[in-house]
Amino acid sequence: MKKIAIIGSGPTGIYTFYHLLKNSTPLSVSVFEQSEDAGVGMPYNDDDNSRLMLANIASIEIPPIFITYLDWLKEQSDAHLARFKVDKTRLHDRQFLPRLLLGQYFRDSFLSIVKEAKRLGFNVDVHESAKVTDIIPATTGVTLSVNGSVLPEQFDLAVIATGHVWPDEDESTRTFFPSPWSGLMDASIPPCRVGIMGTSLSGLDAAMAVVMQHGEFRDDKFVLDKGSDALKIVLMSRTGILPEADFYCPIPYEPLSVLTEGAAESEIAQGSDGLLDRIFTLMVKELQLADPTWCEKISLHKQNADSIREAWFEDRKRHGPFTWAEENLNEVERNKRERRTVAWRYTVLRLHEVVQEIVPHLNERDRERFKQGLARVFIDNYAAIPPQSIRRLLALREAGIISVATLGDDYALDVGSDRTAITTQETVYRFDVFIDARGQKPLKTKDLPFPTLRKQLEATGEEIPDIGEDYTLKAPDAVRGRIAFGAIPWLMHDRPFVQGLAECAEIAEAMAKAAEKPASRSRRRLPYIEN
C-alpha cells in the first residue's frame, strides 16, 4: 500500500482524507493531530471558542462530507441543539450557527471517513495529541518526527494541512494577547479598559470572549454583571469601519457576463503591464450591466483601481460605524425575508474569485496597488458577518460597553508590561488589556515550524515554496512530489482570498490527486512582499 501522512486534521486535512477515498486502490493513511481530538480544527474547537462565537458560513456554502451540515443538524436531538440556543424546528440552510456545532459536524464526518476508509480496505492510523515537530524528506520517502521523536516508518506522500498559525500562548501575558486564539479563552479579564486591534469578525469574537465574563445577552440586550461597570472595550482599525452583515444572494453563484474566467485569461495572456487597469475596466462594465443605478451613485465611471476603495467606503464613513451597522442590518434582514439580491454586492462577490487569478501575474507596482485598493474592497464584501454578530455589537453599544476608534495610517503602538498605548495624530489611547485581532498574516519559508524541511527549502533560495497544481513541492529534488503543501498562511501570497471552507475543500481535492499522479505544471506564485 502507498503510505500517506496527513499532518493536521482540521477542514483541509479532513477534506483531503475524504477525497483520498476516491483512490482507485486502497491506501495506508496516517493522520497526525496535535490536539486531543482529531477532526475538529482550531476554528471550531472547545479550547478556542465559546458558544457565543458564530461560524461565518452557512450549510448551503459548506462542501458536504457524505451529508450536508443541515442534514447532520436535523439528526441531532432537540436537547443537544438547545444547549447552543438553536431551535431545531427553525433550522435552514442559510443559518449562521455556533462554531462549536460546526466542529462537531467535522468530528463526526472525520469518524465517518475513517469508518468508510476501513470498509474500502484502507489501513488507517489516527494519532491524537501528536504534534509533528519535523518533516524529513529524502529520495526514499518522508520521515516524521512526532512530539520530538522520529518515527521508524517512511511515507510516500506527506500532506501538510496545518491550517492557520497563531502566536503561542506563552507569548501572551495578563495584559497582552497577540491573537484571540493565544490563550484569551482561558484568561480571566477584569472589568477594565480593553483595546482590540481589528474590527472584523475576529475583533468581535475577541470582544465576545471578554464580555461573556461580565454579563449575558438576553433578547438582543446585554445585561452587565454588578461590579463590572468599569468594562469598556474599544475596537480599532485604520479606517474605523465595521463589516457589513451577510447578504442574501443566489447560491451556487450565477455566471458573470463580462469578466469571465476566459476574459481574465485573455487579459493575462497580454502581459503584466497594465493588467490591473484592464481588469478594472472589465469590472466596471460588469457592474454597469448588473446595477447601473449604483454605478451612477458612486460615479463608478470616474473611478480607477486606486480610487475605488475610497468610493466603496465613503457612505459608511459618512454615517458613522454604529448608525451604518443598524441601517445595514435592517436592510439585510428585509432583503433576506423578501429573497431580494442587491445586484452590485452580488456582482462584486462573484468577481473576487475571477480577479484573484490575475494576482500572480501582476508586476510589483500593481501588486501593491491591488493590495491597497481592490483587495480591501473584495475582502470587505466577502467577509460580511452573521447578522446576529451585528445585533450583539449594537447591544454592547446600547449598554455603553463598546466603541470604535479610527486610528488612521499614522499611529504608534507601544505594548508595555502592564499597559498598552496607541498614539495617533489626534490622541493617545491607553488600555489595561490589549488584544491583536487582525487575522492571519502571510508567512514564508523561514516561518516553517519543521526544521529539516525548512532548511531544504531555504537552500533553494525561494522565499515562498514552489508548488505544483496538486500543491506538491517542486524543489528540491528530495521533496519533489513527496510533500503536498496545503498550509493556508503560505498560500496567501498569490491567493489572497484563500481562507474559507470552500477553498480548503478545493485545495484538499487537488492534494488528494497527488496520491496517484503528481502534477506536471507549477502554479505561478508571488515573491514575498513584507506588509
Side-chain angles (χ1 to χ4, degrees), residues 54-63 92-96 200-201 241-264 279-301 303 305 308-309 311-316 319 324-325 327-359 370 373-390 495-503 505-506:
L54 300 176
N56 198 21
I57 189 169
S59 177
I60 193 171
E61 300 176 90
I62 299 172
H92 57 87
D93 63 359
R94 290 177 180 264
Q95 194 171 4
F96 295 102
S200 67
L201 186 58
I241 290 173
L242 293 173
E244 292 192 320
D246 184 81
F247 51 89
Y248 177 83
C249 66
I251 299 173
Y253 294 162
E254 296 172 350
L256 294 165
S257 301
V258 180
L259 186 42
T260 61
E261 289 184 11
I279 288 293
F280 183 77
T281 298
L282 294 179
M283 280 184 58
V284 170
K285 291 179 179 178
E286 187 80 58
L287 283 160
Q288 286 174 332
L289 183 66
D291 198 332
T293 302
W294 179 79
C295 293
E296 183 66 27
K297 179 183 176 183
I298 71 160
S299 300
L300 186 60
H301 63 287
Q303 308 300 335
I308 185 62
R309 174 185 171 185
W312 178 267
F313 290 114
E314 182 181 3
D315 203 22
R316 237 180 291 182
H319 281 76
W324 176 263
E327 292 178 359
N328 172 249
L329 177 63
N330 291 335
E331 177 201 352
V332 161
E333 294 192 321
R334 181 172 61 252
N335 290 340
K336 287 190 175 185
R337 288 193 300 270
E338 299 172 358
R339 291 182 172 268
R340 176 178 179 269
T341 300
V342 176
W344 60 269
R345 283 195 179 102
Y346 185 40
T347 302
V348 172
L349 180 64
R350 290 174 290 160
L351 281 168
H352 89 268
E353 294 183 347
V354 178
V355 175
Q356 178 173 247
E357 297 305 312
I358 75 164
V359 174
F370 177 79
L374 274 176
R376 305 289 178 90
V377 170
F378 285 133
I379 291 170
D380 177 72
N381 174 259
Y382 77 71
I385 68 176
Q388 179 67 6
S389 295
I390 298 290
R495 294 187 65 184
F497 314 131
V498 73
Q499 302 179 72
L501 292 179
E503 289 78 14
E506 178 187 319

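Phe247 is not listed as a side-chain neighbour of Glu331, based on a closest heavy-atom distance of 4.5 Å or more. Side chains of Asp315 and Trp324 form a contact here, defined as non-hydrogen atoms less than 4.5 Å apart. Counting heavy atoms from C-beta on, the side chains of Phe378 and Pro496 never come closer than 4.5 Å. Side-chain contact between Asp291 and Tyr346 is absent, with no heavy atoms from C-beta onward closer than 4.5 Å. Side-chain atoms of Asn328 and Arg316, non-hydrogen and from C-beta on, never get closer than 4.5 Å to each other. Two residues are said to be in side-chain contact when any heavy atoms from C-beta on lie closer than 4.5 Å; Trp312 and Arg376 fail this criterion. Two residues are said to be in side-chain contact when any heavy atoms from C-beta on lie closer than 4.5 Å; Glu353 and Tyr382 fail this criterion.
Ion pairing between a basic and an acidic side chain is recognised when a charged N comes within 4.0 Å of a carboxylate O; Asp246 and Lys336 show such pairing. The residues Arg350 and Glu286 are annotated as not salt-bridged, no charged nitrogen and carboxylate oxygen being separated by less than 4.0 angstrom.
Summarising the geometry, atom CZ belonging to Arg345 is positioned 8.5 Å from atom CG belonging to Asn381; distances are rounded to the nearest 0.5 Å. Expressed to the nearest 0.5 Å, how far CG of Leu501 lies from CD1 of Ile57 amounts to 4.5 Å. Here CD of Glu314 is found 14.0 Å from CZ of Arg309. Values are rounded to the nearest 0.5 Å. The distance from atom CG of Leu201 to atom CG of Leu242, rounded to the nearest 0.5 Å, is 12.0 Å.
Counting only distance, with no hydrogens or angles, the side chain of Gln303 and the backbone of Ala311 share no donor-acceptor pair below 3.5 Å.
Closest heavy-atom contact between Gln95 and His92: OE1-N, 3.1 Å. Minimum interatomic distance between Ala325 and Ile390 (heavy atoms only, all atoms of both residues): O-CG2, 3.9 Å. Contact record, Leu351 with Leu287: CD1-CG, 4.4 Å, taken as the closest heavy-atom pair. Closest approach of Leu374 and Met283 over heavy atoms only: CD2-CE, 3.8 Å. Contact record, Ala55 with Phe96: O-CD2, 3.4 Å, taken as the closest heavy-atom pair. Between Cys249 and Thr341, the closest heavy-atom pair is CA-OG1, 3.7 Å.
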Worked verdict on Trp294 versus Ile298 for side chain to side chain contact (heavy atoms under 4.5 Å, CB included): CA-CA 6 Å; Trp294 179 79; Ile298 71 160; 3.4 Å; yes
message: Is there a side chain to side chain donor-acceptor pair (under 3.5 Å) between Tyr248 and Arg339? Walk through the geometry before answering.
response: CA-CA 7 Å; Tyr248 177 83; Arg339 291 182 172 268; 3.2 Å; yes
message: Evaluate Arg94 against Ile251 for side chain to side chain contact (heavy atoms under 4.5 Å, CB included), listing each step before the verdict.
response: CA-CA 10 Å; Arg94 290 177 180 264; Ile251 299 173; 4.1 Å; yes
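Heavy atoms of other residues, nucleotides or ligands lying less than 6.0 angstrom from CD of Glu327 number more than 12.
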